[in-house]
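Because the structure is predicted, anything quoted here is derived from the model rather than measured. Counting begins at 1 with the first residue of the sequence.
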Amino acid sequence: MGSDDRHAKDTWTVFKIMGEFVEGFETLRPFWPSVSIFGSARTRKGQRYYEDAVNVSEALSRAGYSIITGGGPGIMEAANLGGSKGKGHSIGLNIRLPYEQEPNEHADTVIHFNYFFARKVMFVKYACAFVALPGGFGTLDEIFEALTLKQTRKIHDFPVILFGSEFWDGMVHWMHDQLLANRMISRRDLRLFSVTDDPEEVVRTVQHHWAQRKRTRGPRGGNGRDTP
């Protein structure tokens with residue numbers, strides 16, 4: 001491939017990336033405020049955390065929040081199922097993978113992404129909270145990116161809630177014993193997230209923060225430094 005061909009390909013990639021941002025912004029803006037819910041694609045129906053995801057997202061949806069997930073199976077499917085039972089909208093941000101990931105049937109709105117980074121922006125920009133149920137690398141990636149953005153004040157403060165203390169407690173203890181003990185984070189950084197096993201506590205936390213936000217900044221706008 002010659003240099004001209006590479007240049008043309010790179011330019012076309014920029015337009016494809018722009019297209020994903022534009023589609024995401026235009027599609028998701030009406031569904032603010034939303035809550036982004038993360039968790040393992042490998043969790044199956046009938047398992048504890050699948051049912052937890054249904055209960056958490058249904059409680060949030062009945063409280064009027066739209067639900068955003070990665071659009072795939074497992075906990076994402078469960079969260080979209082719960083979201084479809086309430087007053088909010090149920091949204092799936094599906095990623096195109098070498099092995100095909102089909103969007104689950106419970107999302108009312110599905111957006112397809114080729115680029116993980118564009119998809120991650122949408123998870124953050126239109127969310128007034130993150131809820132993470134047990135999951136693997138993808139879930140951890142989303143959690144720690146959100147915590148980094150909060151820590152560095154690159155986004156407006158919003159709740160990051162880890163649901164399922166039995167699963168998350170080991171990681172939290174490690175953060176105390178290693179990150180804090182070795183001065184890689186400060187003690188206040190440990191207050192950037194909370195842990196719970198109660199769906200109603202999730203709703204209360206989100207509602208409390210949302211009420212504060214409306215008082216201080218007004219109800220419009222997403223989670224970026226600039227409102228959409």
Side-chain angles (χ1 to χ4, degrees), residues 6 8-29 31-43 49 53 57 66-80 83 89-156 158-163 167-168 171 192-193 222-226 228:
R6 285 195 296 271
K9 184 177 180 181
D10 290 345
T11 301
W12 177 239
T13 297
V14 171
F15 284 111
K16 289 197 295 182
I17 293 168
M18 288 174 58
E20 293 200 352
F21 280 113
V22 170
E23 182 183 6
F25 292 158
E26 293 299 317
T27 302
L28 295 178
R29 187 177 290 115
F31 304 129
W32 170 262
S34 299
V35 176
S36 291
I37 298 182
F38 305 96
S40 176
R42 303 180 184 186
T43 304
Y49 294 125
S57 58
S66 295
I67 301 298
I68 299 176
T69 81
I75 284 175
M76 294 174 282
E77 173 189 299
N80 283 133
H89 207 72
S90 185
I91 302 155
L93 308 183
N94 191 55
I95 188 73
R96 294 184 177 97
L97 299 171
Y99 49 94
E100 197 66 29
Q101 175 176 292
E102 293 294 333
N104 69 71
E105 63 182 356
H106 300 296
D108 305 317
T109 297
V110 178
I111 310 175
H112 297 277
F113 290 86
N114 286 304
Y115 301 100
F116 271 108
F117 59 85
R119 180 176 178 247
K120 289 170 77 174
V121 169
M122 303 307 153
F123 281 131
V124 174
K125 187 167 181 62
Y126 294 101
C128 65
F130 270 21
V131 179
L133 285 95
F137 289 155
T139 302
L140 295 173
D141 178 45
E142 298 293 351
I143 293 168
F144 282 106
E145 177 147 354
L147 294 178
T148 300
L149 291 170
K150 289 180 63 175
Q151 181 193 50
T152 56
R153 299 182 183 179
K154 282 293 186 180
I155 58 173
H156 301 302
F158 72 111
V160 175
I161 304 166
L162 308 183
F163 192 93
F167 181 88
W168 295 112
M171 184 184 78
L192 295 173
F193 64 91
N223 230 333
R225 280 232 177 251
D226 298 313

(message) Could you tell me if the side chain of Val35 sits less than 4.5 Å from the side chain of Cys128, heavy atoms only?
(response) yes
(request) Drop me the distance from Phe116's CZ to Leu93's CG, to the nearest 0.5 angstrom. (result) 12.0 Å
(request) Taking the side chain as every heavy atom from C-beta outward, state whether Val124 and Glu145 have any atom pair closer than 4.5 Å. (result) no
(message) Minimum heavy-atom separation for His112 and Arg96, please, with both atom names.
(response) CB-NH2, 3.2 Å
(request) Examine distances only and state if a side-chain atom of Thr43 and a backbone atom of Ile75 form a donor-acceptor pair shorter than 3.5 Å. (result) no
(message) Distance check, rounded to the nearest 0.5 Å: Ser36 atom OG versus Met122 atom CE?
(response) 11.5 Å
(request) Step through the shown structure and confirm whether more than 12 heavy atoms of other residues, nucleotides or ligands are within 6.0 Å of CZ on Phe15. (result) no
(request) Taking all non-hydrogen atoms of both residues into account, name the closest pair between Gly71 and Asn80 and its distance. (result) CA-OD1, 4.1 Å
(message) Ignoring hydrogens, what is the shortest heavy-atom contact between Ala79 and Ser57? Give both atom names and the distance.
(response) O-OG, 2.9 Å
(message) Please check: side-chain N/O of Asn94 versus main-chain N/O of Ile111, any donor-acceptor pairing under 3.5 Å?
(response) no
(request) Test the Lys16-Tyr115 pair against the cation-pi criterion, namely NZ or CZ under 6.0 angstrom from the six-membered ring centroid and within 45° of the ring axis. (result) no
(request) Nearest 0.5 Å please: distance from the CG atom of Leu147 over to the CZ atom of Phe193. (result) 7.0 Å
(message) Which heavy atom of Thr148 sits nearest to which heavy atom of Thr152, and what is that distance?
(response) O-OG1, 2.7 Å
(message) Ignoring hydrogens, what is the shortest heavy-atom contact between Leu162 and Met171? Give both atom names and the distance.
(response) CD1-CE, 3.9 Å
(message) Quick check: do Ile37 and Phe163 have side-chain heavy atoms less than 4.5 Å from each other?
(response) no
(request) Assess whether atom CD of Gln151 is packed by more than 12 heavy atoms of other residues, nucleotides or ligands within 6.0 Å. (result) yes
(message) Are Phe31 and Tyr126 an aromatic pair, judged by ring center distance below 6.0 Å?
(response) no
(request) Indicate yes or no for a side-chain donor-acceptor contact from Asp108 to the backbone of Ser90 under 3.5 Å, with no hydrogens or angles considered. (result) yes
(message) Show, in sequence, the C-alpha distance, side-chain angles and deciding distance for Lys150 and Phe158, and conclude whether the side-chain contact (heavy atoms from CB on, under 4.5 Å) test is met.
(response) CA-CA 8 Å; Lys150 289 180 63 175; Phe158 72 111; 4.3 Å; yes
(message) Any non-hydrogen side-chain atom of Leu133 less than 4.5 Å from a side-chain atom of Phe167?
(response) no
(request) Report yes if some heavy atom in the side chain of Ile143 is under 4.5 Å from a heavy atom in the side chain of Phe38; otherwise report no. (result) no
(message) With rounding to the nearest 0.5 angstrom, report the CZ to CG distance, Phe144 to Leu192.
(response) 11.0 Å
(request) Quick one: pull up NE2 in His106 and CD1 in Ile91 and give me the separation to the nearest 0.5 Å. (result) 16.0 Å
(message) Please find the pair of heavy atoms, one from Asn114 and one from Glu20, that lie closest to each other, and give the distance.
(response) N-OE2, 2.6 Å
